[in-house]
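Since the model is a prediction, treat every value here as computed from it, not as a measurement. Per chain, numbering begins at 1; letters A, B, ... match sequence-line order.
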Amino acid sequence: MSTSSQPQFRYTQTPSKVLHLRNLPWECAEEELVELCKPFGKIVNTKCNVGANRNQAFVEFADLNQAISMVSYYASSSEPAQIRGKTVYIQYSNRHEIVNNKSPGDTPGNVLLVTIEGVEPNDVTIETIHLVFSAFGFVHKIATFEKAAGFQALIQFTDAETASSARNALDGRSIPRYLLPDHVTSCYLRISYSAHTDLNIKFQSHRSRDYTNPYLPVNPTAMEGLLQPVVGPDGKKQEPQSNVLLASIENMQYAVTVDVLHKVFSAFGTVQKIAIFEKNGGTQALIQYPDVTTAAVAKESLEGHCIYDGGYCKLHLSYSRHTDLNVKAYSDKSRDYTISDPSLLATQVPGLPAAPNAWQNPQGVPVHHGTDYSASAAIQGQPPAGQVPAWDPNFQARPPYGSVPGQTYQSLTAPTYVNAARPAGSSPLSQPGASSMPMQQQQQPPWANVRQGGAAVLGRPPYYSR
DNA sequence: AGCACA
């Protein structure tokens with residue numbers, strides 16, 4: 001037993017129970033790793049397919065000495081460690097345990113989340129995606145969207161087995177070049193599992209398809225043109241108008257609840273739906289009106305204004321690409337005011353489950369690929385690779401804050417800012433002291449209750465142009 | 001052939 005007197009490599013690590021193995025054969029199976037390593041001790045965890053080429057892995061032994069014995073053995077062996085005849089390089093990992101070996105994206109399901117790397121969304125059509133993935137079985141639905149992680153698609157198969165075969169075959173591969181535009185040289189697919197089981201496709205469009213429902217209406221606006229900004233008469237880019245506003249809330253010193261937003265935006269017309277979510281570390285909300293005109297007026301009137309005096313909760317408004325939000329009727333982050341049928345409401349009373357699929361269907365979102373929405377959030381319900389939910393789709397509908405439907409949002413007031421130390425003069429948009437009073441549900445102009453002259457939204461009446 | 005995950 002000669003102690004290894006190898007030259008000190010630059011990357012020599014201090015011993016660890018975790019070994020880092022590289023130069024593995026493509027998609028080396030866990031069993032192959034185990035076969036190689038188990039003679040040296042008890043393996044308590046592995047992580048396979050690591051690295052850009054998915055040819056690295058980690059193996060964690062129960063005991064440090066076991067890891068040392070393996071490294072020592074191969075350091076002095078004349079036969080290198082091999083898997084499928086390929087030399088495997090082994091060293092101590094710079095970490096001491098394998099964490100989170102199974103990410104949610106590794107939990108098999110029938111829906112794949114595919115990130116298409118190295119392309120612009122226009123380079124890969126939904127037909128191409130459909131073609132590539134149909135090789136493994138019937139593709140039920142596809143929804144594509146853009147977000148921070150890049151161009152992504154959710155692809156729904158019949159079952160997890162089919163999805164798995166597609167994932168195993170395509171993960172890390174490139175879409176065949178002949179299916180891509182000339183300027184695209186490669187286009188790698190990163191594939192994980194989505195937590196979803198059934199996508200909610202609302203329209204056939206250039207961004208989404210439901211192959212199980214050929215009669216699904218074609219979205220007249222979604223088929224084209226959305227990627228190309230509308231150019232106004234002045235030649236400047238102009239975002240298409242919409243009945244849904246996207247509000248970014250800046251300097252959010254106080255809680256902005258659904259009710260607060262409802263109050264503010266109701267000044268300009270009926271608010272149908274509201275959804276609040278986190279995006280890029282900030283808070284955003286989608287507010288749906290029945291029509292574009294109302295939304296336009298609200299946008300004009302509220303842009304740049306603050307919900308509270310003192311520059312707090314400043315609103316920045318743009319048009320969303322959504323036209324109809326698919327939100328849960330009652331949650332702390334969303335509201336659907338169009339549901340007024342008492343019998344419907346009654347079904348969501350405490351103790352009863354909310355609408356069965358509601359949590360699976362934050363979809364109006366991903367399907368409509370809005371960049372103003374965290375598709376992953378809505379879609380995923382899981383936070384793997386850049387998929388942190390904007391709002392939690394798994395969040396079960398809470399019982400209404402009162403068992404009488406009509407009073408639901410009257411009683412849920414008690415906003416958190418009640419207890420927040422609030423600088424003098426920064427009154428919430430309802431009247432001072434409103435925190436302890438039921439919020440008025442009827443369409444009472446919010447400015448009516450607010451002292452005039454403030455910079456806050458509620459201090460001034462909305463401006464109605466034509 | 002050279003370190004994941006959050």
Side-chain angles (χ1 to χ4, degrees), chain A residues 4 6-34 36-37 40 43-62 64 66-68 70-109 113 115 117 147-150 152 167-168 171-172 188-195 278-281 374 376-377 379-394:
Chain A
S4 167
Q6 301 287 326
Q8 291 298 302
F9 294 109
R10 197 150 61 98
Y11 292 101
T12 296
Q13 306 288 327
T14 56
S16 164
K17 285 185 300 184
V18 181
L19 298 182
H20 176 219
L21 294 83
R22 53 206 155 80
N23 201 37
L24 296 166
W26 168 260
E27 297 230 326
C28 172
E30 184 185 30
E31 300 78 58
E32 296 175 286
L33 283 178
V34 170
L36 178 69
C37 301
F40 301 93
I43 297 161
V44 295
N45 207 350
T46 66
K47 185 166 187 63
C48 306
N49 298 327
V50 167
N53 297 324
R54 301 176 66 80
N55 62 351
Q56 300 174 43
F58 297 93
V59 172
E60 179 176 341
F61 283 102
L64 177 64
Q66 297 167 348
I68 292 174
M70 181 166 183
V71 170
S72 303
Y73 175 84
Y74 284 111
S76 57
S77 167
S78 53
E79 289 291 314
Q82 290 186 329
I83 290 180
R84 292 185 221 165
K86 233 184 144 199
T87 296
V88 175
Y89 299 87
I90 302 169
Q91 62 188 163
Y92 299 113
S93 171
N94 52 22
R95 300 189 199 183
H96 289 84
E97 61 176 348
I98 295 176
V99 294
N100 201 17
N101 188 38
K102 281 273 186 288
S103 70
D106 286 328
T107 305
L113 172 69
T115 303
E117 297 180 343
K147 59 187 302 292
Q152 296 188 308
R167 180 183 126 116
N168 291 338
D171 193 15
Y188 290 99
L189 305 174
R190 296 281 167 226
I191 305 180
S192 61
Y193 295 103
S194 165
E278 299 297 316
K279 176 79 184 246
N280 300 333
S374 172
S376 69
I379 282 192
Q380 295 303 326
Q382 66 188 23
Q387 307 173 16
V388 179
W391 83 48
D392 182 358
N394 292 315

Rounded distance (Å) that lies between atom [atom2] of [N] and atom [atom1] of [X]:
X	N	atom1	atom2	value
Ile98(A)	dA6(B)	CD1	P	15 Å
Leu21(A)	dG2(B)	CG	C1'	12 Å
Ile90(A)	dC3(B)	CD1	P	16 Å
Glu30(A)	dA4(B)	CD	P	19 Å
Asn49(A)	dA4(B)	CG	C1'	12 Å
Asn45(A)	dC3(B)	CG	P	20 Å
Lys17(A)	dA4(B)	NZ	P	19 Å
Asn55(A)	dG2(B)	CG	C1'	11 Å

Q) How is Asn23(A) classified with respect to the nucleic acid when contacts are heavy atoms under 4.0 Å: base, sugar-phosphate, or nothing? A)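 The residue Asn23(A) makes sugar-phosphate contact but no base contact.
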Q: Under 4.0 Å between any heavy atoms, over every strand shown, what does Glu97(A) touch: base, sugar-phosphate, or nothing? Just pick one.
A: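 Base, at least one base atom sits under 4.0 Å.
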Q: Between Tyr89(A) and Gly51(A), just flag the one whose closest nucleotide in DNA chain B comes earlier from the 5' side.
A: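 Taking each residue's closest nucleotide, the earlier one in sequence belongs to Tyr89(A).
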**Q.** Residues forming a salt bridge (charged side-chain N to carboxylate O under 4.0 Å, His left out) with Glu97(A), sequence neighbours excluded
**A.**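 With sequence neighbours excluded, Glu97(A) shows a salt bridge (charged side-chain N to carboxylate O under 4.0 Å, His left out) to no residue whatsoever.
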Q: Would you indicate whether the side-chain heavy atoms of Tyr92(A) and Leu19(A) approach each other to under 4.5 Å?
A: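 A side-chain contact under 4.5 Å exists here.
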Q: Quick one: sort the Phe58(A) and His20(A) rings into parallel, tilted or perpendicular, breaks at 30° and 60°.
A: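 Ring orientation of Phe58(A) relative to His20(A): parallel.
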(Q) Does dA4(B) have its OP1 or OP2 closer than 4.0 Å to a side-chain nitrogen or oxygen of Arg95(A)? (A)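 True: Arg95(A) side-chain N/O within range (under 4.0 Å) of dA4(B) OP1/OP2.
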Q.
If the condition is side chain to side chain donor-acceptor pair (under 3.5 Å), which residues does Glu60(A) pass it with, not counting sequence neighbours?
A.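 Side chain to side chain donor-acceptor pair (under 3.5 Å) list for Glu60(A), sorted by chain: empty.
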Q.
Does Gln56(A) contact dG2(B) through a side-chain donor or acceptor facing the base, at a distance under 3.5 Å?
A.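 Result: no qualifying N/O pair found.
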